[in-house]
Amino acid sequence: MFRSVRGMKDLYGRESDKFDFILSKFKSVGERYGFGMIYTPILEYTDVFLRSIGDETDVVSKEMYTFLDKGEESVTLRPEGTAGVIRAVVCEHMDQCLPVKLMYCGEMFRYDRPQKGRFRQFRQFGLEYIGDKSPHTDAITIAIAADCIRSIGFFDFKISLNSLGDDETRENYTKAIVKYFSRHEDRLSDESKSRLRKNPLRILDSKDKQDIEICSMAPILMDYLSKESRTYFNRVCSLLGDYEINYEIDNFLVRGLDYYSHTAFEIHPTAGSYREALGGGGRYDKLLSIFGGQEASGIGFAIGIERLMFLMDEFFTQQKKRKVAVVPVSEAETSTAFAIFRDLQNCQIASEFIHLGNLGKKMKIADRLGCDIAIIIGENEIQSKTVTLKFMNNREAENKNKTVRGADLIQFLRTTLDNQPACT
Ligand code: HAM
């Protein structure tokens with residue numbers, strides 16, 4: 001038997017419905033705030049990620065799917081969306097006319113250990129607000145992330161916030177943590193020992209138990225914020241208060257990617273047992289210039305769609321679009337039933353035409369396909385120009401069967417099925 005690659009899932013049926021539902025909600029939130037879609041290639045030259053995400057990060061050093069293509073060029077399946085979007089903004093000269101507001105959704109690839117809510121191929125919805133550096137933009141971007149998650153009916157989450165400050169801040173902070181971690185070097189993991197020399201900030205990201213314990217007593221970045229960075233961050237916090245967005249400051253939030261400066265944030269669920277990040281983002285000052293573009297700053301976030309799909313199972317049932325099955329009793333009624341099915345589709349009523357097997361089998365298929373009402377057409381119905389409706393879900397089960405005149409069918413279904421769009 002063939003199987004899919006470890007950590008990569010087929011999405012179909014209820015899962016793909018959930019995916020489409022989340023994406024359509026997120027896209028309409030993005031549109032409401034003035035963002036347009038961008039689709040970038042899934043494959044980029046490896047340098048795009050090395051230069052932006054940073055070669056000491058877990059994502060670059062351990063998790064990238066990198067290979068030589070047939071022309072011997074090193075290419076990488078994108079592990080995240082921001083680098084490719086900023087590369088595109090510069091390549092397509094979108095940075096000549098700022099601000100640029102782009103949103104995206106697509107597959108990302110990280111070679112990590114698969115577990116609950118963690119896959120090797122997963123999907124992110126993200127957006128990038130480029131070329132408008134002000135605390136208002138930071139607050140708006142965080143508000144959009146919160147609005148996205150609320151738009152699917154999920155409210156049990158918290159926003160963790162930190163500032164990574166400017167270059168001066170990180171320089172002073174790096175000196176302080178190098179001093180601190182050097183004192184504990186013999187207890188650090190081998191990886192953190194090597195990061196102490198190459199990129200000490202990344203030690204704060206370590207998943208090693210002993211490293212985490214040592215990190216908990218490390219100096220905090222907030223104490224090293226330059227005057228400008230502190231003023232900026234205080235303003236972001238007060239604007240979030242004005243927007244009535246709840247947040248808590250997390251002094252150790254450094255994010256797993258190197259490109260951030262100033263505001264950094266993450267969103268975590270607060271109900272149930274699952275506590276991994278649903279999304280995260282922050283401001284970046286250097287990305288555009290790394291790709292040869294304008295010296296402009298941006299801010300963005302990405303939300304992991306599979307993680308929300310997982311929570312949807314735990315916390316709420318999705319509003320399913322209701323549909324009907326058109327069922328001829330025998331071959332003799334097939335063409336009449338087919339004409340009714342076409343009428344329903346012309347009137348945009350979600351419907352299935354079911355004609356395989358005997359009546360019992362047809363009803364089973366209708367049930368399996370999730371139909372709420374079966375429209376049964378037999379000899380008697382054709383003679384009396386009526387149809388028999390069988391209500392298939394619990395809510396209407398007590399209504400039993402109902403006979404409706406053929407001429408009244410569309411009107412009847414419109415008032416019975418919720419949310420059916422009007423016939424155009
Ligand atoms: P990130 O925190 O690496 O940020 O990923 C964002 C979200 O993607 C995570 O919070 C999580 O929900 C989801 N995610 C990450 N890895 C996996 C995985 N292996 N399986 C399932 N879901 C996963 C970024 O990617 C940045 N590009 C966000 C950003 C945009 N920053 C600025 N603009």
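Small disclaimer: the values here were computed from a predicted structure and weren't measured. Values below: every heavy atom of this structure, side chains too, minus hydrogens, waters and symmetry copies. Order of appearance sets the numbers: ligands from 1, and atoms from 1 within every ligand.
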For a quick check under 3.5 Å, do [X] and [Y] share a side-chain donor-acceptor pair by atom type?
{"X": "Tyr65", "Y": "Arg110", "result": "no"}
{"X": "Arg283", "Y": "Ser297", "result": "yes"}
{"X": "Asp138", "Y": "Tyr232", "result": "yes"}
{"X": "Gln124", "Y": "Tyr104", "result": "no"}
{"X": "Thr76", "Y": "Thr66", "result": "yes"}

For ligand 1, the portion of [X] having any non-hydrogen atom under 4.0 Å away:
{"X": "Met108", "answer": "neither"}
{"X": "Glu306", "answer": "neither"}
{"X": "Tyr260", "answer": "side chain"}
{"X": "Arg110", "answer": "side chain"}
{"X": "Phe109", "answer": "neither"}

Around [atom], find the nearest protein heavy atom and jot down its residue, atom name and distance.
{"atom": "atom 28 (C) of ligand 1", "value": "Gly280 O, 3.4 Å"}
{"atom": "atom 11 (C) of ligand 1", "value": "Arg307 NH1, 3.4 Å"}
{"atom": "atom 22 (N) of ligand 1", "value": "Phe122 CD1, 3.4 Å"}
{"atom": "atom 13 (C) of ligand 1", "value": "Gly304 CA, 3.6 Å"}
{"atom": "atom 19 (N) of ligand 1", "value": "Phe119 O, 2.8 Å"}

- [ ] Would you mind telling me which of Glu306, Arg14, Arg123 makes a side-chain contact (heavy atoms from CB on, under 4.5 Å) with Phe19?
- [x]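 With Phe19 as partner, Glu306, Arg14, Arg123 yield a single side-chain contact (heavy atoms from CB on, under 4.5 Å), made by Arg123.
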
TODO: Examine distances only and state if a side-chain atom of Thr270 and a backbone atom of Asp156 form a donor-acceptor pair shorter than 3.5 Å.
DONE: yes

TODO: Could you tell me whether the side chain of Arg195 and the main chain of Glu56 form a donor-acceptor pair under 3.5 Å?
DONE: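 Between the backbone of Glu56 and the side chain of Arg195 there is a qualifying donor-acceptor contact (under 3.5 Å).
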
Min heavy-atom dist [X] to ligand 1 below 4.0 Å:
{"X": "Tyr129", "result": "no"}
{"X": "Gly117", "result": "yes"}
{"X": "Arg255", "result": "yes"}
{"X": "Asp112", "result": "no"}
{"X": "Gly126", "result": "no"}

Against heavy atoms of [X], which atoms of ligand 1 measure under 4.0 Å?
{"X": "Glu128", "result": "30 (C), 32 (C), 33 (N)"}
{"X": "Glu80", "result": "25 (O), 26 (C), 27 (N)"}
{"X": "Tyr104", "result": "30 (C)"}

Hey, does [X] come in under 3.5 Å of ligand 1, counting only N/O atoms on both sides?
{"X": "Ala277", "result": "yes"}
{"X": "Gly279", "result": "yes"}
{"X": "Ile299", "result": "no"}
{"X": "Glu266", "result": "no"}

Task: From Lys179, Arg197, Lys193, residue fulfilling salt bridge (Lys or Arg N to Asp or Glu O under 4.0 Å) relative to Glu185 - done: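 Result: among Lys179, Arg197, Lys193, Arg197 is the only option passing the salt bridge (Lys or Arg N to Asp or Glu O under 4.0 Å) with Glu185.
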
- [ ] Tell me, please, which residues at least two apart from Tyr180 pass ring pair (Phe, Tyr, Trp, His ring centres under 6.0 Å).
- [x]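 His184.
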
Task: All ring pair (Phe, Tyr, Trp, His ring centres under 6.0 Å) counterparts of His355, not counting sequence neighbours - done: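 Once residues adjacent in sequence are excluded, the partners of His355 under the ring pair (Phe, Tyr, Trp, His ring centres under 6.0 Å) criterion are Phe353.
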
Check each of [options] against [atom] and report the one with the nearest heavy atom.
{"atom": "atom 32 (C) of ligand 1", "options": "Pro114, Gly300, Ala302", "value": "Gly300"}
{"atom": "atom 12 (O) of ligand 1", "options": "Ile86, Ile53, Thr82, Leu278", "value": "Leu278"}
{"atom": "atom 25 (O) of ligand 1", "options": "Gln124, Arg120, Arg123", "value": "Gln124"}

TODO: Please report the shortest heavy-atom distance between Ser226 and Thr169, naming the atom on each side.
DONE: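 Taking Ser226 first and Thr169 second, the nearest heavy atoms are N-OG1, 3.1 Å.
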
TODO: Please check if the distance between the ring centroids of Tyr129 and Phe35 is under 6.0 Å.
DONE: yes

Open item on the list: Assess whether a salt bridge exists between Lys62 and Glu191, defined as any Lys/Arg side-chain N lying under 4.0 Å from an Asp/Glu carboxylate O.
Closed with: yes

